Amino acid sequence: MIIASNFKTNHTRESAKEYLVKLNHFVKENSIKEDILIFPPSTALDNYKLENTIKIGVQNAYPTDKGSFTGEVGFTQIDEFDIKTILVGHSERRHILKESDELIVKKYNFYKDKCYKIVYCIGEPKEVRNEGLEKVLEYNFSQLDGIDLSYENLIVAYEPVWAIGTGVSATKEDIEETLSALRKSIKAPLLYGGSVKVDNLKEILEIEDCDGVLVGTASWEVENFKEMVKIAHEL
Ligand code: PGA
């Protein structure tokens with residue numbers, strides 16, 4: 001089971017460190033074997049000494065070793081911290097930051113060549129969901145165009161745009177039917193993301209084709225995230 005936390009634009013360097021110290025202690029004390037991925041903001045990246053089951057990743061990076069890309073970080077800057085995990089195609093980057101499919105595919109291929117673990121996000125907006133499952137699948141599969149689905153370090157996160165940060169998760173039925181349709185073409189682990197919280201986590205993790213979750217809001221407070229890790233561990 002994979003439990004991932006996306007800090008987005010939250011936590012400082014200091015509070016991220018405090019968070020990780022507490023989480024690491026909890027994982028160690030309770031012999032937690034679940035895979036935990038944490039995506040802090042880039043100002044809080046570091047060579048943290050953590051249990052093997054906790055990996056730090058970047059929320060974004062430019063597909064370059066180094067160069068002139070003001071405001072971006074590239075492979076050299078991430079590699080300094082021994083980081084080998086990246087989120088690609090998160091809906092906030094696609095929709096708020098207007099990242100194109102072309103750039104997203106380029107990032108995917110660049111970090112695949114560096115053997116990174118890639119959490120690749122897909123998900124439809126509300127108007128597509130309203131048109132029914134067939135359109136939802138068409139939309140999600142179009143976001144996988146150009147992506148090598150057989151890459152061994154790929155994790156696909158299905159995150160419907162309308163469920164992200166809204167407090168309203170997709171229904172169990174929506175998640176179930178979407179993940180089971182994706183599963184037919186994707187052998188990689190499948191995560192669900194979008195308003196996952198302590199109250200709905202167990203139900204979501206029990207879905208047959210769900211291999212884990214990507215959590216935003218509900219993971220930013222460490223006690224809450226520890227509770228979620230505990231729920232996953234006890235399943
Ligand atoms: P949320 O965010 O849990 O706040 O809905 C999920 C995500 O963006 O990955």
Side-chain angles (χ1 to χ4, degrees), residues 1-11 15-16 19 23 34-42 44-45 54-61 85-99 104 107-108 111 116-126 128-129 136 139-140 143-144 147 154-172 174-175 178-179 182 186 188-207 210-232:
M1 203 107 64
I2 300 164
I3 310 293
S5 162
N6 177 6
F7 281 16
K8 305 190 181 183
T9 319
N10 296 281
H11 279 293
S15 70
Y19 182 111
L23 179 64
E34 266 57 46
D35 288 321
I36 299 175
L37 306 176
I38 306 286
F39 297 91
S42 49
L45 299 177
I54 308 177
K55 300 269 181 294
I56 300 292
V58 287
Q59 297 174 17
N60 174 50
T85 305
I86 185 169
L87 262 186
V88 174
H90 189 276
S91 88
E92 283 150 15
R93 298 212 59 89
R94 290 178 189 269
H95 298 281
I96 303 174
L97 296 153
K98 310 286 182 223
E99 227 170 71
I104 291 167
K107 287 184 181 184
Y108 179 85
Y111 286 97
Y116 270 48
K117 188 190 284 291
I118 301 177
V119 179
Y120 186 79
C121 306
I122 56 174
E124 80 287 351
K126 190 66 184 170
V128 174
R129 174 52 72 179
V136 165
Y139 188 97
N140 279 285
Q143 292 186 323
L144 293 164
I147 300 302
L154 169 65
I155 296 171
V156 174
Y158 167 60
E159 299 203 295
V161 179
W162 46 276
I164 295 180
T166 59
V168 184
S169 155
T171 63
K172 184 171 181 242
D174 283 344
I175 303 172
T178 312
L179 291 186
L182 290 171
I186 304 171
L190 292 174
L191 310 185
Y192 167 77
S195 297
V196 177
K197 40 198 162 196
V198 169
D199 293 348
N200 60 16
L201 178 66
K202 184 167 182 283
E203 179 180 76
I204 292 169
L205 289 177
E206 280 171 350
I207 293 172
C210 183
D211 302 304
V213 286
L214 175 54
V215 192
T217 317
S219 68
W220 299 337
E221 211 273 295
V222 69
E223 293 307 317
N224 219 37
F225 189 63
K226 275 161 57 180
E227 185 61 32
M228 299 178 98
V229 170
K230 183 164 168 262
I231 292 170

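For ligands, and for the atoms within them, numbers begin at 1 and follow the listed sequence. Quick caveat, the model's predicted, so the values are computed rather than measured.
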Quick one: does S195 get a heavy atom under 4.0 Å from ligand 1?
yes
side-chain contact (heavy atoms from CB on, under 4.5 Å), that's the test. Do V196 and M228 meet it? Break it down for me.
CA-CA 10 Å; V196 177; M228 299 178 98; 3.8 Å; yes
Any side-chain to backbone donor/acceptor pair from N224 onto A218? Under 3.5 Å, distance only.
yes
Output yes when the distance from some N or O of ligand 1 to some N or O of T166 is under 3.5 Å, and no in every other case.
no
Does G194 come within less than 4.0 angstrom of ligand 1, counting non-hydrogen atoms of the residue?
yes
Do S91 and H95 meet the criterion of a side-chain donor-acceptor pair at a distance under 3.5 Å?
no
Taking only heavy atoms of T217, which atoms of ligand 1 are found under 4.0 Å from at least one of them?
1 (P), 3 (O), 4 (O)
Any heavy atom of A163 closer to ligand 1 than 4.0 angstrom?
yes
For G165, is at least one N or O under 3.5 Å away from an N or O on ligand 1?
yes
Under 4.0 Å from a heavy atom of H90: which atoms of ligand 1 are those, numbered in the order shown and with their elements?
7 (C), 8 (O), 9 (O)
Can you tell me how far the CZ atom of F39 sits from the OG atom of S219, to the nearest 0.5 Å?
11.0 Å
Got a donor-acceptor contact below 3.5 angstrom from the Y192 side chain to the G194 backbone?
yes
Measuring from the heavy atoms of K197, does anything fall under 4.0 Å of ligand 1?
no
Could an N or O of ligand 1 be found under 3.5 Å from any N or O of G216, whether backbone or side chain?
yes
Suppose I only count heavy atoms of L214 and a 4.0 Å limit; which atoms of ligand 1 are within that range?
9 (O)
Between atom CD1 of I96 and atom NE2 of H90, what is the distance when rounded to the nearest 0.5 Å?
9.0 Å
For atom 7 (C) of ligand 1, which candidate among E159, Q59, E92 holds the nearest heavy atom?
E159
Hey, what do you get for OG (S195) to CD1 (I204), rounding to the nearest 0.5 Å?
9.0 Å
Would you say ligand 1 has an N or O under 3.5 Å from any N or O of K8?
yes
Could you give the distance from CG (L190) to CD1 (I122), rounded to the nearest 0.5 Å?
8.0 Å
